[in-house]
Asker: 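The structure follows.
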Amino acid sequence: MIKGSFPIQKFENIQTPFYFYDTELLNKTLACIKQESGKYNYKIHYAIKANANETILDIIKQEGLGVDCVSGGEIKAALKAGFHSNDIVFAGVGKADWEIELALNADIFCFNVESTAELEIIDQIAKRLNKTAKVALRINPNVDAHTHSYITTGLNENKFGINLEQLQETIQLINRLDNISLIGLHFHIGSQITDMSPFQDLCIKINDIQADLKKTGITVSHINVGGGLGINYQHPNHIPMADFETYFKVFHEYLHLESWQTLHFELGRSVVAPCGSLITKVLYIKEGTTKRFAIVDAGMTDLIRPALYGAYHHIENISSDKDFEKYDIVGPICESSDTFAKDYFLNETHRGDLLAIRSAGAYGEIMASKYNLRELPKSFFL
Ligand code: LLP
């Protein structure tokens, strides 16, 4: 089996667990995104929620991407990293007043608005600050993304977005609000989507919505289709990059845009997931009655995805070339869900070996917690 290449000698002096980021892969990924989206002049916002590590942000900023934020903290981090405020979009079902004020004062590009209640508050705050808030309406297209139920967002039963039946009344409200300017429509159907057909369905839905709106004289200058492009978690060494070419082509082929309309994306996982690995040391091999456990020093506090979503991450013993043996790979946290993998084949493993938990660059470090009063994982770059 091919393994990832890791500078294992350099790892010896670093306190585990830590995140290792392959900046060469990140740069290659960004170059590919630029090339493929550039074919159609699409505008890409990096979904900063996936990873806000300062070095990662610096690399992404240099490539000229915008940012998609979902909190005041993320807007501050984006501005601090040097992203231009006019490249920032701000989404989220529960924007607090101070966050709206911060975004208005920073003159961000656009609010992605999720309800009429929110529109009224943004209007009030904008009036007080003597500003006009540019908004895109986040519409719930009721498209099934066929992904994990915790990360599907585009169904009517989800808390996100404005349902289609409420669109006309929302637009009528906007017409009555003096400090709101409608400039776009926003969509996001879910995350880790590898089958392109939900994106095709989304395009067709958007075409219908735009055609209906046009009949009532409403047009917007941009469409934002959110993020969601998945990566291959099973084979990080063979398929280290998401299929950006096919993804952007789907939108080019299926979505009808006017010549003056721009298309925006909010990609998170596909940008950063492949470049990150969580490196952890084996503390003990514990022989159970039916199982053999590899107990490692990383836990669900460092990478919560397996515990929270039952997510699969490819794991390699980067210190061993011996024959494969079966292990449950578990962390030290006092929760049974603190398990990275069950019945998993690793090269024969011993105390002190280093394991690489792959494809952890997105929703890994950023979701770390201090539960059990553990320290947050550090990061290391190459
Ligand atoms: N835009 C909006 C409105 C979103 O809600 C999200 C992700 C994105 C863009 C970026 O989606 P991406 O390209 O990364 O799929 N913690 C979960 C994923 C949560 C995704 C939340 N929203 C995980 O570890 O799988």
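Every number for a ligand or one of its atoms is a count from 1 in the order of the listing.
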Asker: What part of R269, side chain, backbone, both or neither, has a heavy atom within less than 4.0 angstrom of ligand 1?
Answerer: both

Asker: For ligand 1, which part of A91 has a heavy atom less than 4.0 Å away: the side chain, the backbone, both, or neither?
Answerer: neither

Asker: Any N or O of R138 that comes nearer than 3.5 Å to an N or O of ligand 1?
Answerer: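 No - when backbone and side-chain N and O of R138 are compared with those of ligand 1, no distance drops under 3.5 Å.
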
Asker: Examine G268 against ligand 1 and note whether any of their N/O atoms are separated by less than 3.5 Å.
Answerer: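 So ligand 1 has an N or O lying under 3.5 Å from an N or O of G268.
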
Asker: Which ligand 1 atoms does L267 reach within 4.0 Å, using its non-hydrogen atoms?
Answerer: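 So the atoms of ligand 1 that pass are 13 (O).
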
Asker: Looking at A47, which atoms of ligand 1 are within less than 4.0 Å of one of its heavy atoms?
Answerer: 10 (C)

Asker: For H313 together with Y233, are the ring centres under 6.0 Å from each other?
Answerer: yes

Asker: So for ligand 1, is E266 a polar contact partner (N or O within less than 3.5 Å, distance only)?
Answerer: yes

Asker: Is the positively charged end of R351 above the ring of Y284, judged by distance under 6.0 angstrom from the centroid and angle within 45° of the axis?
Answerer: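 Yes; both conditions hold, so R351 lies above the ring face of Y284.
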
Asker: Check whether NZ of the Lys or CZ of the Arg K95 lies under 6.0 Å from the centre of the six-membered ring of F90 and within 45 degrees of that ring's axis.
Answerer: yes

Asker: Can you establish whether the number of heavy atoms outside E54 located under 6.0 Å from its atom CD is more than 12?
Answerer: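 No, the 6.0 Å shell around CD holds no more than 12 heavy atoms from other groups.
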
Asker: Side chain or backbone, does H186 bring an N or O within less than 3.5 Å of an N or O on ligand 1?
Answerer: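 Among all N and O atoms of H186, none is under 3.5 Å from an N or O of ligand 1.
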
Asker: Is any NZ, NE, NH1 or NH2 atom of the basic residue among K3 and E316 found under 4.0 Å from an Asp or Glu carboxylate oxygen of the other?
Answerer: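 No.
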
Asker: Please determine if E258 and K214 form a salt bridge, counting it only when a charged side-chain N lies under 4.0 Å from a carboxylate O.
Answerer: yes

Asker: Does G228 reach ligand 1 with a nitrogen or oxygen that is under 3.5 Å from one of the ligand's nitrogen or oxygen atoms?
Answerer: yes

Asker: Hey, does A362 sit under 4.0 Å from ligand 1 if you only count heavy atoms?
Answerer: no

Asker: Select one of side chain, backbone, both or neither to describe which atoms of Y309 lie under 4.0 Å from any atom of ligand 1, heavy atoms only.
Answerer: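 The side chain, only.
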
Asker: Does N130, at its CG atom, have more than 12 non-hydrogen atoms belonging to other residues, nucleotides or ligands within less than 6.0 Å?
Answerer: no

